[in-house]
Student: 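Take a look at the following structure, please.
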Amino acid sequence: MAIVWRCKLWDTLASGPIELISGAVVGLVLGALFEEWLKRQIASVGRLLRRLVLRRPDGPDLGREFRLGPLHVPVRILEGDGVHAIHEGEVRVLVNPVNVRLPDELVQWRAEIAAEQARRQEVGEPYAWNGASYAVEDLIIERVGSHESPAVTLILKYCDYYTFLATQMFDRRLRGGGNLRSRYLDGRDSRDVPDFMRSCFGQNMAVVTADNWLLVSCRGEEVHTARGLWNSSANESLSRDKDSINGGPPSLFQAARRGLREELHLLPHQYGLQLLAFHEVTTLCQWGSLFLARLHTMSKKDVEEHLTRGIEDGWEHKDFDYVRFEPEPVLRYLLREDRRRNWGPAAPVLLYLSLVNAYGRQRVDAAAAHVLRGSP
C-alpha cells in the first residue's frame, strides 16, 4: 500500500516547480541510500580481497610454535620479529558491535558460571566479575610502502568474561561427544576457529629498568588464569569498560599503558613503549600482543621500593624476580629447571623478542647457542 500511495502522490505533484523540488528531494534521498549500500558492498569486497590476496604466502608460518632448545611453549608469532617494532600508526583496531553467539550448550555452561559467581558473591567468597570484553573476529596483516612495513588490522567483536571462562573449559564433555578442543580446535587453522572460541585479546608487557634489569612476575593464586605461573612484568586483557575510547575501538597502546599503571603503578612519562609482536596461544585459543617498556630513570632499587608503596592490582602478582637484561642471563633464566615448565605461555616469547630488540637477532641467537651447549 505504501508504494501505491507514493506513486499516486508523485503523479499529483509532478507538475511545474513542484516537480523539480520533489525530484531533487527524492534524488538526494535515493543517492544517500545508494551511497550507504555502496559503502557496505565496497567494505565487504575489500575485506574479502584482504583475506584472499593480502595475506601473503611468504608471511609468518602459523604452523610453528616457539622453541628454544628444551623450552617449547604453544605460541605462534603471527607478526613481529623483535628487530623492527610495530609503530602505533601501523595498527588499526575495528569493532564489529555485535556479541559473539554461543552454541546452546555453551550458553548453559555460561549460565552455570554466572550462577556460581553470584552464589560466591552472596556468601562473601571470592568471585569473578563479568567484565565486558572483546573477542577476535580477524587479524589482517599487510605490507605497505617500498620498505614493506607492517600494517595490522585487528577486528574485534563483543564478548564478556563469563563467555571467556565457558570457552576455556576445553576438557568438559559435550553432549554429542568429544569436547571443545576436539570439536572446534583440533585439525583447524586458527583463523577457521569460531570467533566465540577466540574470546579474549591479551596484552603482555616486559619492563626493563634504567640500569638494565628485567622485571619478571609470578601470577597470584587469586587470578583465574595462569595461576601461579611465572610471566611477563604485567599483563591485561582488553576491556570494553576501560579501553573503549568514547565508545569507539580500543587502542592497544593505551590498554598496555593501563596494564602497567594498574599492576605496577607505572605512568606513561616514566617509560618508552614498543609493540614487538602479535601472537596466539594455540592450546588456549588466546590471541594478544607483546610490548616492551623501558624505564627512563627508575633503577632496580627504585622499582623495588616503588612496589612496596601500594599497587592498584597488586594482588595479581605474588612475587617478582629481577634478571640482568643481557642475552645470556635472561636465556639461562628462561631455561632454568624450576622455570622451564612453569611459564605463562607468552612470557618466553616476549622475553626473547625483547632481547632481540635490544641486542639484535645475531647476538641473541649466538648467546642461545652458547647457553644450550651448557657452557659455564
Student: Verify the neighbour count for atom CD of E125: are there more than 12 heavy atoms of other residues, nucleotides or ligands below 6.0 Å?
Tutor: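 More than 12 within 6.0 Å, yes.
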Student: The criterion is ring pair (Phe, Tyr, Trp, His ring centres under 6.0 Å); which residues satisfy it with W343, sequence neighbours excluded?
Tutor: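 Partners of W343 by the ring pair (Phe, Tyr, Trp, His ring centres under 6.0 Å) criterion, ordered by chain and then number, come out as Y333.
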Student: So which heavy atom on L264 is nearest to which on A234, and how close?
Tutor: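 The pair with the smallest heavy-atom distance is CD1-CB, 4.1 Å.
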Student: Heavy atoms, side chains only, cut-off 4.5 Å: are E263 and L307 in contact?
Tutor: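 No, too far: nothing below the 4.5 Å cut-off.
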Student: Any side-chain heavy atom of L214 within less than 4.5 Å of one from L351?
Tutor: yes
Student: About how many Å separate CG of L290 and CG of N204, when rounded to the nearest 0.5 Å?
Tutor: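 Answer rounded to 0.5 Å: 6.0 Å.
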Student: Can you run down the salt bridge (charged side-chain N to carboxylate O under 4.0 Å, His left out) pairs that involve residues 229-253, sequence neighbours left out, and say none if there aren't any?
Tutor: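 Those involving residues 229-253 are E236-R258, K242-E262, D243-R258.
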Student: Quick one: sort the F196 and Y184 rings into parallel, tilted or perpendicular, breaks at 30° and 60°.
Tutor: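 Rings of F196 and Y184: perpendicular, over 60°.
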Student: Any chance the side chains of D211 and S299 put a donor and an acceptor closer than 3.5 Å?
Tutor: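 Not at all, the side chains of D211 and S299 share no donor-acceptor pair under 3.5 Å.
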Student: Any link between V107 and F170 through a network of hydrophobic side chains (Ile, Leu, Val, Met, Phe, Trp, Tyr) touching at under 4.5 Å?
Tutor: yes
Student: If you measure from OG1 on T153 to CD on E90, what distance do you get to the nearest 0.5 Å?
Tutor: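 If I round to the nearest 0.5 Å, the distance is 11.5 Å.
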Student: Before accepting this row, confirm whether a basic side-chain N of the pair D365/R361 lies closer than 4.0 Å to the acidic partner's carboxylate O.
Tutor: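 Yes, charged N to carboxylate O under 4.0 Å.
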Student: Just verifying a value: how many Å separate R173 CZ and S182 OG, rounded to the nearest 0.5 Å?
Tutor: 7.0 Å
Student: Let me see the working for S237 and Q203 under side chain to side chain donor-acceptor pair (under 3.5 Å), right down to the final yes or no.
Tutor: CA-CA 6 Å; S237 292; Q203 309 266 86; over 6 Å; no
Student: Measure the spacing between CD of Q121 and CH2 of W129 and express it to the nearest 0.5 Å.
Tutor: 7.0 Å
Student: Just wondering, do Y134 and P250 contact through their side chains at under 4.5 Å, heavy atoms?
Tutor: yes
Student: Any chance you could measure H279, atom NE2, to R76, atom CZ, to the nearest 0.5 Å?
Tutor: 12.5 Å
Student: Once side-chain hydrogen bond (donor to acceptor under 3.5 Å, both in side chains) is applied, do any residues pair with E337, and if so which ones, sequence neighbours excluded?
Tutor: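 For E337 the side-chain hydrogen bond (donor to acceptor under 3.5 Å, both in side chains) partners, ignoring immediate neighbours, are R340.
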Student: Minimum heavy-atom separation for L276 to I86, with atom names?
Tutor: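 Shortest heavy-atom separation between L276 and I86 comes out as O-CD1, 4.2 Å.
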Student: Would you compute the distance between atom CD of Q168 and atom CE of M197 and round it to the nearest 0.5 angstrom?
Tutor: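 Here the rounded value is 7.0 Å.
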Student: Establish, yes or no, whether the cationic atom of R219 lies under 6.0 Å from the six-membered ring centre of W230 and within 45° of the ring axis.
Tutor: no
Student: Once ring pair (Phe, Tyr, Trp, His ring centres under 6.0 Å) is applied, do any residues pair with Y162, and if so which ones, sequence neighbours excluded?
Tutor: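 If we apply the ring pair (Phe, Tyr, Trp, His ring centres under 6.0 Å) test to Y162, skipping adjacent residues, there are no hits.
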Student: Can you tell me which residue pairs pass the ring-ring contact (aromatic ring centres under 6.0 Å, His included) test with a partner in residues 245-267, sequence neighbours excluded?
Tutor: F253-F291, H265-H306
Student: Please name all residues satisfying side-chain hydrogen bond (donor to acceptor under 3.5 Å, both in side chains) with N357, sequence neighbours left out, ordered by chain then number.
Tutor: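 side-chain hydrogen bond (donor to acceptor under 3.5 Å, both in side chains) list for N357, sorted by chain: empty.
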Student: Let's go through H72 and E65 carefully: what are the C-alpha distance in whole Å and the side-chain angles of both, what is the deciding distance for side chain to side chain donor-acceptor pair (under 3.5 Å) to 0.1 Å, and is it a yes or a no?
Tutor: CA-CA 7 Å; H72 169 216; E65 294 180 340; 2.9 Å; yes
